[in-house]
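Accompanying notes for the structure given below.
Residue indices begin at 1 and follow the sequence shown.
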Amino acid sequence: MRRIPCLAARARVVFVYLWPSSASRRFIDSFYSPINPFPAAKPLLPVLPPSVPAIFSLATTTGGLCTGERVRDEDSARHGFVVVVVAVVLGASWRRLGCTRGAASSSGGAETTTTGPNWHAVSVSSLLPSAAAACTASQASSNSLALRVVHRHGPCSPLQSRGGAPSHAEIMDRDQARVNSIHRKVAASVIEPARASKGVSLPARRGISLGTGNYIVSVGLGTPVKNFSVVFDTGSDLSWVQCKPCRDCYKQQDPLFDPAQSSTYSAVPCGAQECMELDSQSCSSDDKCRYEVVYGDQSQTDGDLVRDTLTLTPSAELPGFVFGCSDEISGQFGQADGLFGLGRKKVSLSSQGAPKYGPSFSYCLPSSSSAAGYLSLGGAPPANAQFTEMVTKSDTPSFYYINLVGIKVAGRSIKVPKTVFATAGTVIDSGTVITRLPERAYAVLRSAFARFMDSYSYKKAPALSILDTCYDFTGRTKLQIPSVALLFAGGTSVNLDFTGVLYVAKVSQVCLAFASNGDDTSIGILGNTQQKKLAVVYDMAKQRIGFGAKGCR
């Protein structure tokens with residue numbers, strides 16, 4: 001038995017025909033005739049009166065057209081008839097019913113097509129970037145200051161020559177390590193607030209990840225300016241780069257930042273306000289403020305807190321930018337030159353840039369490694385942005401919380417009480433790859449998504465680490481993927497791009513890009529896969545977060 005969705009409509013008259021199964025194909029070929037295509041068939045019973053709303057279907061042994069339920073082959077063989085329900089719909093066309101002429105069973109022949117806003121029509125060839133893909137740019141708001149955001153291992157990246165890419169399984173494992181650290185930090189803030197105040201933060205190890213877990217921006221520091229490629233992270237506050245002299249630094253391709261070569265460099269003294277506001281600080285013998293950040297995987301960076309000119313674009317500078325000059329690193333940070341934080345504290349890049357560029361920032365993460373997005377400071381939000389409240393929690397003040405209240409699959413809300421999302425809470429994070437949901441919510445989402453995918457008889461594929469709902473599209477050219485929309489407080493509904501619905505390891509292993517937290521109490525995380533191609537706006541003045549479709553244009 002196979003189900004393919006069809007839209008509801010208001011039928012004027014519905015007739016039921018009995019017809020030999022051998023004629024079902026002729027029925028399909030002639031269905032567009034404005035008159036009864038089967039003069040020999042007699043209507044047995046008008047089953048609905050005029051103007052009664054109904055969901056209707058065409059049942060045939062071929063499974064073609066826009067069908068609700070396919071007749072079992074054994075039933076057709078036994079009875080020699082097919083029940084054909086024909087709805088004559090007032091003022092409705094075949095296309096408006098969400099159907100496509102000439103579609104056939106996905107088990108052979110032409111591939112089934114379902115049109116409409118609740119489905120993504122996807123070419124299999126578009127799932128993976130072309131080896132010869134060019135670096136395509138995008139544009140931010142015209143009245144903002146924008147940095148180019150690129151994929152760590154794509155052709156746009158300045159780091160693409162620095163070592164091979166990790167496997168997709170490794171990416172998922174590293175992503176889980178980051179999620180675990182977020183969960184530990186939230187738990188520690190509740191259970192052990194004294195310990196949480198000592199600089200426990202998020203891991204930066206996604207800097208060595210391949211895909212969506214690692215987005216790079218290029219910035220300049222010092223006078224004369226020296227350029228550096230750094231990971232940007234909404235889950236961190238303090239920005240830092242490796243500096244000379246360095247007692248213990250990891251290898252990077254660019255030269256380390258040398259304070260002695262910059263005429264605008266200065267160390268931040270111990271008594272400065274910026275030093276006092278750090279989570280963890282100490283004072284050196286020569287009165288320099290020392291910082292320490294310990295990440296969730298126990299990686300650590302230590303160094304001097306300093307000031308220097310930050311060059312964002314050739315025409316935009318931020319004098320006196322406060323950042324960490326790291327001279328001692330432990331753990332695994334990858335090969336980026338450092339990390340720039342976009343968290344909510346005063347030391348973050350977004351907070352330091354607010355007096356000059358405005359109290360907001362936005363970004364658009366590209367959908368593939370061969371495209372570029374942007375990170376924008378200031379500027380007006382896109383006209384199509386929908387906003388939801390930015391929630392603040394005093395125990396984890398760096399995080400950007402939002403209220404996720406529901407999810408739709410193929411336009412239908414899944415049946416999960418709002419309390420399930422409210423109990424866990426949700427953080428939006430640029431560094432987490434895969435969105436994490438409470439177990440109860442994820443189970444219903446997975447079931448609904450799989451049910452729609454099963455209607456096309458897509459072949460199942462093995463799980464990929466934390467991703468347990470995967471498909472093998474080998475041999476297919478076109479796909480129909482049910483849409484997924486995230487519902488937020490205030491009536492905001494965000495329709496995800498199909499690249500935010502699927503995680504593609506290879507054509508033979510394409511997975512639903514959501515995962516379970518394993519319980520209903522750990523905090524949910526809106527990951528960067530679901531944020532792709534959206535303009536994500538952080539409006540600090542109005543304490544709201546917005547989402548604009550097609551943001552990377």
Side-chain angles (χ1 to χ4, degrees), residues 1-7 55 57 62-70 72 98-100 103-128 168 172 367 406-416 434-437 439-486 495-516 527 529-530 532:
M1 186 88 67
R2 184 166 68 94
R3 289 183 178 275
I4 299 177
C6 202
L7 301 182
I55 295 178
S57 64
T62 63
L65 293 175
C66 182
T67 62
E69 191 161 300
R70 183 178 176 182
R72 295 182 185 271
C99 306
T100 304
S105 169
S106 61
S107 60
E111 296 186 67
T112 307
T113 301
T114 303
T115 62
N118 297 324
W119 293 82
H120 296 288
V122 180
S123 169
V124 172
S125 63
S126 70
L127 294 179
L128 294 172
H168 290 283
M172 294 297 104
S367 61
I407 301 175
K408 286 184 176 181
V409 179
R412 302 178 184 179
S413 292
I414 64 174
K415 295 181 179 180
V416 178
I434 299 297
T435 288
R436 300 308 201 277
L437 296 172
E439 169 59 28
R440 187 174 173 186
Y442 175 71
V444 180
L445 168 64
R446 176 183 57 193
S447 176
F449 184 82
R451 187 164 57 250
F452 282 112
M453 295 293 280
D454 287 348
S455 70
Y456 285 92
S457 302
Y458 291 136
K459 182 181 178 181
K460 297 290 178 60
L464 173 62
S465 182
I466 58 173
L467 305 179
D468 60 12
T469 305
C470 302
Y471 299 90
D472 181 353
F473 297 135
T474 302
R476 293 181 178 270
T477 58
K478 295 181 181 180
L479 306 171
Q480 298 299 311
I481 306 299
S483 66
V484 176
L486 303 180
N495 292 311
L496 304 181
D497 185 74
F498 87 88
T499 57
V501 177
L502 301 175
Y503 183 92
V504 183
K506 49 190 175 182
V507 171
S508 60
Q509 194 175 35
V510 181
C511 306
L512 175 64
F514 290 80
S516 169
T529 294
Q530 282 63 42
K532 286 192 288 188

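Checking side-chain atoms of Y456 against main-chain N and O of I481 turns up no donor-acceptor pair under 3.5 Å.
Taking S367 as the reference, nothing meets the side chain to side chain donor-acceptor pair (under 3.5 Å) condition, with sequence neighbours excluded. For F498, the ring-ring contact (aromatic ring centres under 6.0 Å, His included) test picks out no residue, with sequence neighbours left out. Annotation: side chain to side chain donor-acceptor pair (under 3.5 Å) contacts of S483 (sequence neighbours excluded): none. The side chain to side chain donor-acceptor pair (under 3.5 Å) test applied to S516 returns E439, not counting sequence neighbours.
Taken to the nearest 0.5 Å, the CG atom of L437 stands 6.5 Å off from the CG atom of L445. A distance of 4.5 Å separates CD1 in I407 from CD1 in I414, rounded to the nearest 0.5 Å. To the nearest 0.5 Å, atom CG of residue L486 and atom NZ of residue K408 are 11.5 Å apart.
Across every non-hydrogen atom of K478 and V124, the tightest pair is N-CG2, 4.1 Å. V416 and R440 get closest at one heavy-atom pair: CG2-O, 4.4 Å. L467 and F514 make their closest contact through CD2-O, 3.7 Å (heavy atoms, listed as atom of the first residue, atom of the second, distance). For Q480 against M453, the heavy-atom pair with the smallest separation is O-SD, 4.3 Å. Taking every heavy atom of both residues into account, F452 and P482 meet most closely at CB-CG, 3.9 Å.
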Steps toward side-chain contact (heavy atoms from CB on, under 4.5 Å) verdict (F449, V501): CA-CA 10 Å; F449 184 82; V501 177; 3.7 Å; yes
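Checked options L496, L502, D497; the residue passing with T499 is D497 (criterion: side-chain contact (heavy atoms from CB on, under 4.5 Å)).
Evaluation of the salt bridge (Lys or Arg N to Asp or Glu O under 4.0 Å) test over residues 465-474, restricted to residues two or more places apart or in two chains, returns R446-D468, K459-D472.
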List, one per line, each side-chain donor-acceptor pair under 3.5 Å for residues 505-512, sequence neighbours excluded.
residue, atom, partner, partner atom, Å
Q509, NE2, P462, O, 3.0
Q509, NE2, A463, O, 3.3

